[in-house]
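Residue numbers run from 1 in the order of the sequence given.
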Amino acid sequence: MSEAPRHVRLAILGSGPAGLTAALYAARGELHPLLVSGVPAGGQLLTTTDVENYPGFPDGVQGPELIDLMRRQAIRFGTEAIDDNVTRVDFSHRPFWLQTGARGSYLADAVIVATGANARWLGLPSEERLRGRGISACATCDGFFFKGKELAVVGGGDTAMEEALFLTNFATHVTIVHRRGTLRASPIMQARARNHPKISFILDSCVEEVLGKEKVEGVRLKHLPSGRTSELAVGGLFVAIGHDPATEVFKGQLRLDPQGYIVVSDHTRTSVEGVFAAGDVEDHRYRQAVTAAGAGCMAAIDAERWLAEHEAPRVPATAPPTAAR
């Protein structure tokens, strides 16, 4: 016989900056949150080396170290963290039902979804080997490290144009590589990129291999119509072919936009009362650790206030009996 689901006041799903900040604020608010961290825990920062734009670290901090510090701080104030994945949910009625992979099921009076999003990669062995050593999926995060270098950006949408334009602040030249003959970006973004003196294009081509042993030294390109290959010397490669929000388990439970991101209103409220969302799982614009942390703070405050409004008053277990009349 399976064990009965355990009941918690607040469950937080995800352990990146959004989930951990939500856990910290919820714990300090006496909500005794359960943090289901996901496996592997830590989000995208877990694979990030130098983080130099997170406030409070003037000398920078390693991504895994920042996650560890945030997690320890949340646990210090009373967060219960389990390293597991949520595999199914039922948000049709309260308390909400959550099924995990190894820890059984839980019932939660409120839920904060902070499961994040994952950058799409090219799927090359050389890309995997050099990720973090000249390969990035975030120009805003890492562009500063590429001052004075020639760079390549893979992609043909608005994100790729934005990344390339931003990188011109640091790079000597940026080459946009796109596998089709036409770009998917909006006309205004295409015009901005095409008119920039530091940006050029290689179309109908894909990156076949990233070159370099210890760091990125170039890319091997394949011209798809002809099959010809060529090499382009660059000191960094930025992959801008999109992100996939981790929302598969919430399909049919929460309102999602066409790209799969959770739709929120009034800051962090989802389409289901009592379920909140924070971070990259709902934010496809900024995708920064600091903005995710801020959203996690807001979600925790929203959840705390919502629970205060919707929970029945809690009677102490040791309440004295009513006096006889």
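Residues I67 and I12 share a single hydrophobic cluster, defined by chaining ILVMFWY side chains whose heavy atoms lie under 4.5 Å apart. Cluster membership check: F146 does not share its hydrophobic cluster with V154, using side-chain heavy-atom separations under 4.5 Å among Ile, Leu, Val, Met, Phe, Trp and Tyr. Under a hydrophobic-cluster definition in which Ile, Leu, Val, Met, Phe, Trp and Tyr are linked whenever side-chain heavy atoms come within less than 4.5 Å, directly or via other members, F238 and L165 are assigned to the same cluster. There is a path of hydrophobic side-chain contacts, each under 4.5 Å, that joins L98 to V281. V177 and L151 fall into different hydrophobic clusters, where Ile, Leu, Val, Met, Phe, Trp and Tyr residues are linked whenever their side-chain heavy atoms come under 4.5 Å apart, directly or through other members.
Residue K198 qualifies as enclosed at atom NZ: its count of foreign heavy atoms under 6.0 Å is above 12. Around the CZ atom of R194, the shell of radius 6.0 Å holds more than 12 heavy atoms that belong to other residues, nucleotides or ligands. Sparse packing is recorded around CZ of R192, with 12 or fewer heavy atoms of other residues, nucleotides or ligands lying under 6.0 Å away. With a 6.0 Å radius and a threshold of 12 heavy atoms from other residues, nucleotides or ligands, Y25 has its OH atom at or below the threshold. Remark: R120 CZ is packed, more than 12 non-hydrogen atoms of other residues, nucleotides or ligands lying under 6.0 Å away. Other residues, nucleotides and ligands place no more than 12 heavy atoms under 6.0 Å from the CZ atom of R28. Dense packing is recorded around CZ of R129, with more than 12 heavy atoms of other residues, nucleotides or ligands lying under 6.0 Å away.
With hydrogens and angles ignored, the 3.5 Å screen pairs no side-chain donor or acceptor of R255 with any backbone N or O of V263. Of the possible polar contacts, one joining the T247 side chain to the G260 backbone as a donor-acceptor pair under 3.5 Å is found. Of the possible donor and acceptor atoms, none in the side chain of Q73 sits under 3.5 Å from a partner among the backbone N and O of L69. Using a distance-only test at 3.5 Å, with no hydrogens or angles considered, a donor-acceptor pair links the side chain of S205 to the main chain of L203. Between the side chain of T79 and the backbone N or O of A81, no donor-acceptor pair lies under 3.5 Å.
With a 4.5 Å cut-off on side-chain heavy atoms, F276 and V113 do not count as touching. The shortest distance between side-chain heavy atoms of E52 and F145 falls below 4.5 Å. Side-chain contact between I202 and L221 is present, with at least one heavy-atom pair separated by less than 4.5 Å. Considering only heavy atoms from C-beta on, D283 comes within 4.5 Å of T291 through its side chain. D90 places none of its side-chain heavy atoms less than 4.5 Å from the side chain of R88. Residues Q288 and C138 meet the side-chain proximity criterion, which asks for heavy atoms closer than 4.5 Å. Here the side chains of N118 and D280 are not in contact, with every heavy-atom distance at 4.5 Å or above. Inter-residue side-chain proximity for V8 and H32 is flagged as unmet; no heavy-atom pair is nearer than 4.5 Å.
S230 and H223 form no side-chain donor-acceptor contact under 3.5 Å, judged by distance and modelled atom types alone. A donor atom on one side chain and an acceptor atom on the other are not found under 3.5 Å apart for W121 and E128.
Between F250 and F91, the ring-plane angle classifies as parallel under the 30° and 60° cut-offs. Aromatic ring orientation, H310 versus W306: parallel (interplanar angle below 30°, classes split at 30° and 60°).
Salt bridge status for D68 with R72: present, with a side-chain N to carboxylate O gap under 4.0 Å.
Across D109 and R94, no two heavy atoms sit closer than the pair O-NE, 3.0 Å. Among all heavy-atom pairs drawn from S105 and Q99, the shortest one is CB-OE1, 3.5 Å. Taking both residues in full, the closest heavy atoms of A185 and M189 are given as CB-CB, 4.4 Å, listed atom of the first, atom of the second, then distance.
How far CD of Q62 is from CZ of F57: 11.5 Å, rounded to the nearest 0.5 Å. Taken to the nearest 0.5 Å, the CG atom of L122 stands 4.0 Å off from the CD atom of E127.
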